[in-house]
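In what follows, a structure is listed as structure tokens, so that the remarks can point back to it.
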Amino acid sequence: MTKRVAILGMGRWGLTWKGVLDAIPGVEVVGTDHLDTGDRRPDYADVIVGTDLDAVIITLPVGLHLAAITDAVERRIPVLCEKPLVSSRAELQDLVSLASGTDVVVRVDQNYRARGWVGATRAAIRELGAVRHVRIVFAQPEFTDGGRGELTHPLLNDMAIHHMDLLRHLTDSEAAVLGAWAARPEPTSYSGRTDLDAVLRLSQGALVSYSGTWAARGATTPWDGDWEIICDGGTVHVTKLQVFVERSTGVLEPCNVAPDEGLHTDLAAVWAEFASALDGDANAGVSVADNARSLSLVLDLEDLALNNWPGSPGTGRDEQK
Ligand SMILES: NC(=O)c1ccc[n+]([C@@H]2O[C@H](COP(=O)([O-])OP(=O)(O)OC[C@H]3O[C@@H](n4cnc5c(N)ncnc54)[C@H](O)[C@@H]3O)[C@@H](O)[C@H]2O)c1
């Protein structure tokens with residue numbers, strides 16, 4: 001049966017989702033832009049109230065996620081919401097309560113989990129045994145679109161949720177933040193800080209170093225980051241989305257990475273999981289409770305890197321937490 005899906009927020013990522021869903025048989029997409037009369041910006045609430053829907057995908061700015069999820073759940077419309085789910089602990093608590101108290105499906109898009117290199121890396125780690133140490137490096141040039149130029153720390157506020165969620169997903173472990181430091185090397189066109197160095201510990205004891213900049217000069221990594229995962233039986237290297245296992249020093253064995261069959265194969269996979277959840281599979285997709293553990297790591301990083309450092313002007317978000 002055809003599923004009627006509204007995309008709430010037709011910006012850069014909403015349009016990307018529309019392209020993905022338009023190519024999937026059995027999905028009919030309604031965008032907020034179809035209400036555009038030219039005299040005012042179409043409001044997501046008009047779509048939720050006025051349309052017969054099987055699900056909504058929320059690609060609104062993060063500040064509207066909680067309100068839009070709440071509106072949809074109150075009308076018993078299942079939700080797939082973009083990362084980052086929310087931006088404060090208070091909102092996260094409200095959302096966890098909302099999701100645990102309803103049978104309406106609410107899932108989070110952590111699409112990087114569905115990428116080819118991630119499957120290959122998980123398989124390699126399982127083969128190599130216990131994780132001993134993890135190093136994550138992220139470097140991308142400045143990107144001020146979509147309000148990112150005004151964020152307190154674009155890496156923490158926007159991208160870090162992907163890396164913290166991948167850390168838990170790849171290692172099948174929970175983590176805790178031990179320390180985090182932020183910096184703002186000049187010049188930068190961001191109003192916030194660009195750089196981060198942090199240390200975490202996995203539940204089984206392994207240390208994790210997470211080092212990133214969203215104001216790269218010269219060398220860059222993919223959005224996913226480059227990874228080094230040292231296990232009992234050898235090291236997994238993820239470099240430019242290619243995966244290698246080093247069992248003996250200096251001998252790099254390439255791993256098979258499932259090829260992306262087109263642009264945004266990962267989003268199509270996330271949709272397939274979400275569709276399974278809509279059809280009754282309670283374990284399909286990333287739940288709010290699961291995602292809350294990844295997002296809590298990001299909020300802990302923010303606290304340590306931006307609020308608790310001597311002389312720090314803070315995030316300005318303390319009131320919300
Ligand atoms: N999973 C990923 O890899 C990935 C990649 C990019 C963006 N995202 C996420 O997608 C979300 C949107 O990001 P973006 O880059 O597309 O931002 P964007 O600013 O380009 O898009 C947001 C859109 O929402 C619209 N909007 C704002 N208020 C509205 C309202 N009340 N009713 C209807 N529409 C409204 C804006 O006009 C804009 O078109 C964010 O949560 C972002 O983190 C995820």
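Both counts, for ligands and for their atoms, begin at 1 and track the order of listing. None of these values were measured; they are calculated from a predicted model. We number each residue from 1, following the sequence as shown. Both backbone and side-chain heavy atoms feed into the values below; hydrogens, waters and symmetry mates do not.
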Close approach of [X] to ligand 1, heavy atoms, under 4.0 angstrom:
X    : value
P84  : yes
H264 : no
Q110 : no

Close-contact set for ligand 1 against [X] heavy atoms, below 4.0 Å:
X    : value
R148 : 15 (O)
M10  : 39 (O)
E82  : 1 (N), 2 (C), 4 (C), 8 (N), 9 (C), 10 (O), 41 (O), 44 (C)
H65  : 41 (O)
L60  : 11 (C), 12 (C), 26 (N), 29 (C), 30 (C), 32 (N), 33 (C), 34 (N), 35 (C), 40 (C), 41 (O)
D158 : 43 (O)
D109 : 1 (N)
N111 : 1 (N), 2 (C), 3 (O)

When you check the gap from the basic side-chain N to the acidic O, do [X] and [Y] get nearer than 4.0 Å?
X    : Y    : answer
D172 : R122 : yes
E273 : R113 : no
D224 : K240 : no
E28  : K3   : no

Side chains of T188 and E142: donor-acceptor distance under 3.5 Å anywhere?
->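 Short answer, yes.
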Do any nitrogen or oxygen atoms of D43 come within less than 3.5 Å of a nitrogen or oxygen of ligand 1?
->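 N/O-N/O distance under 3.5 Å: yes.
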Give the single entry among T59, L15, L8 that approaches atom 12 (C) of ligand 1 most closely by any heavy atom.
->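 Heavy atom nearest to atom 12 (C) of ligand 1 belongs to T59.
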